[in-house]
Amino acid sequence: MKGKNNKLWFRSVIVALICFIITMALQLTGVFTFFENKTYDRRMVFASKYKRACDDISLIIVDQDSIEWAKENYGWGWPWPREAYGKMIDFITAGNAKSVAFDILYTEPSVYGPSDDQSLALAQEESGIVIQALNVLIDYKNDKAVGQPPIEQIKDTAAMLGAIVSAKDDDDIIRRGRLEYEFEGKVYPTLGTAPIYMQGQEDELKNLPRLKDGTVLLRYQKDIDEYHPYSAYDIFYSADVLNGTITPGEDDFYYEPDEFEDKYIFVAYYAPGLYDIFSTPVSQVYPGVGVHITTLDNFLTGKFLRKTPAFIVYLWILLLSLLGSFFVAFATTRNSQKTTVIFMALGFVLGMFLAIGIPYFLFAKGIWLLLIAPAAAFFFSFLLCVALSLSIEGKQKRFIKSAFSQCLSKDVVNQIMNDPSSFTLGGKNFQMTAIFTDIQKFSSFSELLTASQLGSLLNYYLTKMSDIIIDEHGTVDKYEGDAIVALVGAPVEMADHASRACAAAIKMKKAEVLMNKEIVQIAQGEKPAAMEQDLYDAFKIMVANKKTIFTRIGMNSGEMIAGYFGSENKKNYTMMGNNVNLASRLEGVNKQYHTNGILISAATRDLLGDAFIVRSLDRVRVVNVNTPIRLYELLETKEDASPELLKYVEDWEKAFADFEAKNYQSAAEQMQALAAQNEADNVVRYYLELLNDFFLKDKYPLAADDVGVEYNPEDSVFKLLQK
C-alpha cells in the first residue's frame, strides 16, 4: 500500500509539472488574455464597492437641465457662448480652488465672435488655475499624430494643457491611465495629472506603480456620480446670487464660492449626445472625464492598482498545479468510494475558491494577481489526475452504478455511464414529470399487522410498483412509508417524460389489480416455499379483514430542479419546486373526486397528445396554491382502450361541458345515464351528489357544507378545502 501511494504521489507531481508547463505556454502566448481581462473587469466592479471617492475632487457637468435653464434665463442657445465658461471660472476661482480642468475642446473660434473667445481667455488668465484639453488624433493611414490644441487665445492664457489621449486595451476598454503624453517632442501631462503638475508634485509621479509602457492601472469608482456632480446651472445661479443680479427666495438653495476651496475641479459635458463615451471595467458607457478624474483620485488617495511581480505569479501557478493533483491523490487514498468522492469534491471547491477568492480579495486591496491562468492550472491538473484515476481504478463507473442501479433503469444507468456529463452533482433544471403515489387507508393496515408483517407487505408492494416506474426510465426519489415519490425526465433529459410517467401510472393500477388477486389466491392456499412467513401471514390477515390495495397517484409536469441535495456527510438525489408540490397535492385530490386512482394536471395533459384516454374534471384551487388548474383523470392508453370506454368518455365530456356551462338539468340527466351504464364510476356519482344537493337547487357548496370543496360562481373554480 505504501509503495502504491508513493507511486500515486509521484504521478501527481509529474501531472502538476506538465500542467504548469502547458499553462505557462498558454499564458505567455496570450491565450488567456481575453478571459483575464473579463475577470479583471468583474473584480473591478466588485472592488469599486469598497473604494470611496476622493473628497478633494469635484465635477461640474453641463447637463440637459443646465442647457434648458440657461436658454430660459440667459437666452443662450447651444453651443453656449464661451463667456458662460468664463463666468464659471470666475465663481470657482473666487472660492480658491486648486485647479479647474476642462474636458471640453476649444479647437475652433467661437461662433459668437472674437469677443466671446476673449471673455474666456481673460477669465482664465485672471484665474491662473485653468487647464485646457489637448487632443491628439492618430492618422493611421499616414502614420502620424495630429494635434487638436485650443485656439491661440485660449491656449496662451491657460495655466496648462492636459492631454486627453486614452490608453485603450485591445478590446477598447480603458483599464490603464496615462500620466503624460509626448507630442511633437514635448511631454504634456494628461488632464488627470495636470493638477498635480500645477501643485509642483510631478516628481511624485515617478514613484507610482507603472507598467512597462509607463501607464498605471486605474481603480475606478462604481459610477461617476460617486463624485456628486454639480450641475452647471447651480454654478450660474449661485454666481448671480453672489453678484446681486438675482435675489433668492427663502427656499432657494445656492452655493458660496468657498464650496470649492482647495478642490480639484473638472468641467465636462454630460448631456445626451454631447459627452464622450468610453468602455471601462465598471461600465460600457463611462464618461471620458471619469478616466481623468480616476487618475487624479488614485494619485491623491494612493489607490493605484499594483500588478503582482511575474515571479510571484509563476510560483502561484505552480502551487495551484500542485494543489490540483495533490487533492486528487489525497482523495484517492481514502478507504471508501464515498469518501473519495467527498474529498475530491471538497478539494475541487477549495482549490477553485483559492484560485478565484484570493485574486478577488487582493484586488479589493489594490493588488492585481492573475486569476485565469492559475485557475486553469489547477483545473487542468485536477481534471487530468481525476481522468487518470478513473481510467486506472474505474471508480466513476462503479460509483454511478452503485448510486443509481436501485432507483434507475439499466438503460438510464448505462446512458449516464457512457456520458457522465448527463449527470452532474448539485441542482439542475429539468422539464420533467413528478409522480406521487399513496395507498388509500393504509393506516388501517397498520392496525392489523405486526411491524414485520407490515414491512414485508410494503416490500412486496413497493418492489412491484418501483420496477414499473424504473422500466419506464423513471427515477425513484424516495419512499415515505407506503408512498412512492418518483420522477421521469432526470438525471437524463427525456422529451417524452409525461408519456412515460402516464404509462407507468396505468401499468401500476393494472399491477394493483393483479396484486389483489394474487393476495387472495395465496391466502386461500398453502404458503409458497419461497415466500416469507410474515408476508404470507399479512396476506391472510388482509383477506380475512377484506382489505385490498388501492393506489392513488398524482402527476404534474413542468420545470423542476433535480440533483444531489443535503449535507456534505449525507445527500440524496431528489427534486424540488412548485411543480413538485402540485403533483403531491393531486395525489390527495383523488380522494375528493373518488377517481379510479390517477389524477394529472393540465400541464401533463398538454404533453400527451392523443396517446392516452383522459376525462376532464373541474378547474380547482388546491390547498396553498392560488392559481386555478384543470384536473384530468387518466383512464387508459388509447391503444388498449375498448370502444365502450371511448364512447363512455365521449358522453362524459358532453355531460361535463353542460355542467361547466351551468346547464345543470341537462348535465344531471346525462350523468344519470352514465351512472346507469357504469355503477363503478364513483366520479359520476360524486357529480350527481353535487348537482342534486346544490346546483339543481340554485345554490353552491360552501365550506360550511363540509363536502370538501367550495365553489366560486364568479370564475367557476372549486376551492379544495383538504389536502
Tyr40 ring center within less than 6.0 Å of Phe363 ring center: yes
Has Glu261 got a side-chain atom pairing as donor or acceptor with Asn96's backbone, closer than 3.5 angstrom? no
Going by heavy atoms in the side chains, are Leu205 and Ile196 under 4.5 Å from each other? yes
Verify side-chain contact (heavy atoms from CB on, under 4.5 Å) between Met198 and Ile129, making sure each step is shown before the conclusion. CA-CA 8 Å; Met198 287 185 63; Ile129 59 172; 4.0 Å; yes
Search all heavy atoms of Ala167 against all heavy atoms of Thr215 and return the closest pair with its distance. CB-CG2, 4.2 Å
Heavy-atom nearest pair, Ala163 first then Tyr188, reads CB-CB, 4.5 Å
Decide if atom CG of Asp203 counts as having more than 12 heavy atoms of other residues, nucleotides or ligands within a radius under 6.0 Å. yes
Within-4.5 Å side-chain heavy-atom neighbours: Leu300 and Tyr264: yes
Quick check against the 3.5 Å criterion: does Asp223 have a side-chain atom that pairs as donor or acceptor with the backbone of Asp225? yes
Would you say that more than 12 heavy atoms from the other residues, nucleotides or ligands in this model lie under 6.0 Å from the CZ of Phe304, or not? yes
Using atom types as modelled and distance alone, determine if a side-chain donor or acceptor of Thr308 lies under 3.5 Å from a backbone N or O of Trp368. yes
Kindly indicate, with the supporting measurements, whether the criterion side-chain contact (heavy atoms from CB on, under 4.5 Å) is fulfilled by Ile358 and Phe361. CA-CA 5 Å; Ile358 289 179; Phe361 173 78; 5.5 Å; no
Salt bridge present between Arg82 and Asp116 (N-O < 4.0 angstrom): no
I'd like to know if Lys303 pairs up with Asp297 as an ion pair, taking the criterion as any Lys NZ or Arg NE/NH1/NH2 lying under 4.0 Å from an Asp or Glu carboxylate oxygen. no
Kindly give the heavy-atom pair with the smallest separation between Gly192 and Leu296, and that separation in Å. O-CB, 3.4 Å
Is there a donor-acceptor contact under 3.5 Å linking the side chains of Asn243 and Thr245? no
Should the pair Trp78 and Trp80 be assigned to parallel (<30°), tilted (30 to 60°) or perpendicular (>60°) ring geometry? perpendicular
Residues Glu152, Lys155: salt bridge by 4.0 Å N-O rule: yes
Separation between CZ (Arg52) and CD (Gln221), nearest 0.5 Å, reads 10.0 Å
Find out whether Tyr233 and Asp65 are in side-chain contact, i.e. whether some heavy atom of one side chain is under 4.5 Å from a heavy atom of the other. yes
When Ile92, Ile131, Ile60 are each screened for side-chain contact (heavy atoms from CB on, under 4.5 Å) with Val100, the one that passes is Ile92
Any idea which heavy atoms bring Ser166 and Ile174 closest together, and the distance? CB-CD1, 3.6 Å
Do you know the tightest heavy-atom contact between Leu370 and Pro359? O-CG, 3.9 Å
Please check this pair: side chain of Ser381 against backbone of Ser321, looking for a donor-acceptor N/O pair closer than 3.5 Å. yes
Working note: Val62 + Ile67, criterion side-chain contact (heavy atoms from CB on, under 4.5 Å); need CA distance, chi angles, decisive distance, verdict. CA-CA 7 Å; Val62 179; Ile67 293 173; 4.2 Å; yes
So, Phe343 versus Phe330, ring centres under 6.0 angstrom or not? yes
Which heavy-atom pair separates Phe327 from Gly347 by the least distance, and what is that distance? CD1-O, 3.1 Å
Min side-chain heavy-atom separation Met575-Phe430 under 4.5 Å: no
Straight-line distance of Phe299 CZ to Leu179 CG, nearest 0.5 Å: 9.5 Å
Is there a side-chain contact between Tyr237 and Ile246 (heavy atoms, below 4.5 Å)? yes
Looking at Ser66 and Ala232, would you say the former's side chain and the latter's main chain have a donor-acceptor pair under 3.5 Å? yes
Ignoring hydrogens and angles, state whether a donor on the side chain of Ser231 or Asp63 is under 3.5 Å from an acceptor on the partner side chain. yes
What distance separates Tyr227 OH from Ser58 OG, expressed to the nearest 0.5 Å? 11.0 Å
Drop me the distance from Lys263's NZ to Ile57's CD1, to the nearest 0.5 angstrom. 10.0 Å
From CZ (Phe382) to CE (Met352), nearest 0.5 Å: 10.5 Å
Any chance the side chains of Glu83 and Tyr112 put a donor and an acceptor closer than 3.5 Å? no
Decide if atom CG of Asp171 counts as having more than 12 heavy atoms of other residues, nucleotides or ligands within a radius under 6.0 Å. yes
Flag, side chain of Arg178 to backbone of Ile164, donor-acceptor distance under 3.5 Å: no
When the ring centroid of Phe46 is compared with that of Tyr360, is the distance short of 6.0 Å? yes
Rounded to the nearest 0.5 Å, what separation is found between the OG1 atom of Thr33 and the CG atom of Asn37? 6.5 Å
Look at the side chain of Ser238 and the backbone N and O of Tyr255, then say whether any donor-acceptor pair between them is shorter than 3.5 Å. yes
Heavy-atom neighbours of Arg210 CZ exceed 12 at 6.0 Å: yes
Within the distance-only criterion (no hydrogens, no angle test), does the side chain of Ser127 pair as donor or acceptor with the backbone N or O of Ala123 below 3.5 angstrom? no
Are Met344 and Val328 close enough, and set up right, to give a side-chain contact (heavy atoms from CB on, under 4.5 Å), and what steps lead you there? CA-CA 6 Å; Met344 279 190 180; Val328 176; 3.9 Å; yes
With the side chain counted from C-beta on, respond yes when Phe378 and Phe348 share a heavy-atom pair under 4.5 Å apart, and no when they do not. yes
Donor-acceptor contact present, side-chain Thr301 to main-chain Cys54, <3.5 Å: no
Counting neighbours of NZ on Lys307 that are heavy atoms of other residues, nucleotides or ligands and sit closer than 6.0 Å, is the number greater than 12? no
With a 4.0 Å cut-off, would you call Arg43 and Glu36 a salt bridge? yes
State whether a side-chain donor-acceptor pair under 3.5 Å links Gln124 with Thr157. yes
Gln199 side chain reached by Lys98 side chain, heavy atoms, under 4.5 Å: yes
Is any side-chain heavy atom of Ile173 less than 4.5 Å from a side-chain heavy atom of Lys38? yes
